[in-house]
Structures are given as C-alpha cells and as structure tokens.
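Here the structure is laid out as structure tokens; the discussion comes afterwards.
This chain uses plain numbering: 1 for the first residue, then up along the sequence. From a predicted model like this one, the values you see are computed outputs, not experimental measurements.
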Amino acid sequence: MSTIEEQQNNPLHGLKVESLLNELVDHYGWVILEAATNINCFKNRPSIEASLKFLRKNKWAQEKLENLYLYEYKRMPRPSDAQYELAPRERGFSSGLEPREPLVLTVEELLAKREIQQKKAQEFQAKGFKSKKSASSVHSNSRSSNSRRPNNKSRSNSSQQSTNKPVDPWAAYKKD
C-alpha cells in the first residue's frame, strides 16, 4: 500500500467518479472517450447518468477511465510493475509531482494505437498457443495409447446403460 503522503498526491484522491467523468467529457468529448477506452457506454447514446451507472457497476471500466485520467489527462508518470498491480486510486505518487497539461488526443491516433495493440495481442496469443501445442505434443507422444481410455469401472457402467445408443447429455434440455 502507499503511504498517506503519496496517496494525497494522487490526483484521484478525493475525486468522485462523476466529477472525473464530467472533466474528461468537457475536455475530450464522448467520441474521444470511446476511442480511448473502448467502452460502449460512451458510444451508444452517451449520457453522464448512464455512464456513471455503468462505471459504478463495472470496476474494470472505472479503472480504465481512471487510468486515462491519470496518464493521458493529468500526464502523471507511468507506474512501476508493483504499482500497476494496484487499482489507480490506490497508487501513490511521490510529493512534488504536479500534473501537466492534458495530451491532445485524436480519434485517428487512438484507433491506430488500438490496432497496434490488437496485432501485438494476436502475435502473443499465436506464440503462446504454438508453444503450448508443441509442449503438449511432446507429452502426448510419451504416453501410451491405453492411458487415454477410461478405467474399467466407467466402461462397465456405460455398457450397462445402453449398448447401441450414444448418450446425449443435452437430451433433457432439447426442445421438440
């Protein structure tokens, strides 16, 4: 946790979500907020009341908006890895740091940034899945073919239930 001194230097300290949202909407507008955060409540008929209701119900969205406020609007220094694990309101800033002028954000820049992030995420997932597949194929080759079969007890129970009909676990839920 951060010390009281560091917490009081946090621009979010004592700031309500409503005033944070009003400040961001007044400066950037709804279109920029939607492009920067990718939250649909800023896209589909946005209003302060509806957005506040959504933000209060969804902590992830509130934290995303608070990150935008801290690092794009107030331009505070980025957190360390340990600080990043904390919620934005719990992060501390050393004394003497003053917020700077807000960044000028455009929809085009934000969409290009989002596209780059999506490509990086896809590359990461592709690498992650390939390494998992190769690791699992190594392990599956070392197994014997009998290890994948169910044990004798489950085979004898299933053979007693029905000999020729396949079991349909969703049969009770199907509508006729």
Using a strict threshold of under 4.0 Å (side-chain N to carboxylate O), is an ion pair present between E72 and R78?
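Between E72 and R78 there is a salt bridge, with a charged N closer than 4.0 Å to a carboxylate O.
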Inspect the contact between E123 and K119 and indicate whether a charged nitrogen and a carboxylate oxygen are less than 4.0 angstrom apart.
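Looking at K119 and E123, the cut-off is not met.
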On a heavy-atom basis, which atom in [X] and which in [Y] lie closest, and how many Å separate them?
| X | Y | value |
| --- | --- | --- |
| Y71 | P77 | CE2-O, 3.2 Å |
| E63 | A87 | OE2-CB, 3.6 Å |
| L97 | M76 | CB-CE, 4.1 Å |
| N67 | P88 | OD1-CG, 3.5 Å |
| L12 | Y69 | CD2-CD2, 3.6 Å |

Given 3.5 Å as the limit, does a donor-acceptor pair link the side chain of [X] with the main chain of [Y], or not?
| X | Y | value |
| --- | --- | --- |
| R89 | L15 | yes |
| R75 | L103 | no |
| K43 | E34 | no |

Evaluate the criterion side chain to side chain contact (heavy atoms under 4.5 Å, CB included) for residue pair Q62 and F54; output intermediate values, then yes/no.
CA-CA 9 Å; Q62 184 177 342; F54 180 80; over 6 Å; no
State, with a plain yes or no, whether a side-chain heavy atom of Y73 is found less than 4.5 Å away from one of P11.
no
Any heavy-atom pair between the side chains of N58 and K64 that's under 4.5 Å?
no
Looking at V31, I32, V25, which one forms a side chain to side chain contact (heavy atoms under 4.5 Å, CB included) with Y28?
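When side chain to side chain contact (heavy atoms under 4.5 Å, CB included) is applied between Y28 and each of V31, I32, V25, only I32 qualifies.
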Working to the nearest 0.5 angstrom, can you tell me the gap between [X] [atom1] and [Y] [atom2]?
| X | Y | atom1 | atom2 | answer |
| --- | --- | --- | --- | --- |
| L21 | L65 | CG | CG | 6.0 Å |
| L52 | E49 | CG | CD | 7.5 Å |
| H27 | L33 | NE2 | CG | 10.5 Å |
| L111 | I116 | CG | CD1 | 11.5 Å |
| K74 | E101 | NZ | CD | 9.5 Å |
| S19 | D26 | OG | CG | 11.0 Å |

Decide side chain to side chain contact (heavy atoms under 4.5 Å, CB included) for L24 and F42; before the verdict, give the C-alpha distance in whole Å, the side-chain angles of both, and the deciding distance to 0.1 Å.
CA-CA 12 Å; L24 287 173; F42 299 143; over 6 Å; no
Are W60 and L20 connected into the same hydrophobic cluster when the rule is that any two of I, L, V, M, F, W, Y join if their side-chain heavy atoms are below 4.5 Å apart?
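In one cluster: yes.
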Determine, stepwise, if the pair Q122 / Q118 fulfils side-chain hydrogen bond (donor to acceptor under 3.5 Å, both in side chains).
CA-CA 6 Å; Q122 287 173 349; Q118 287 174 346; over 6 Å; no
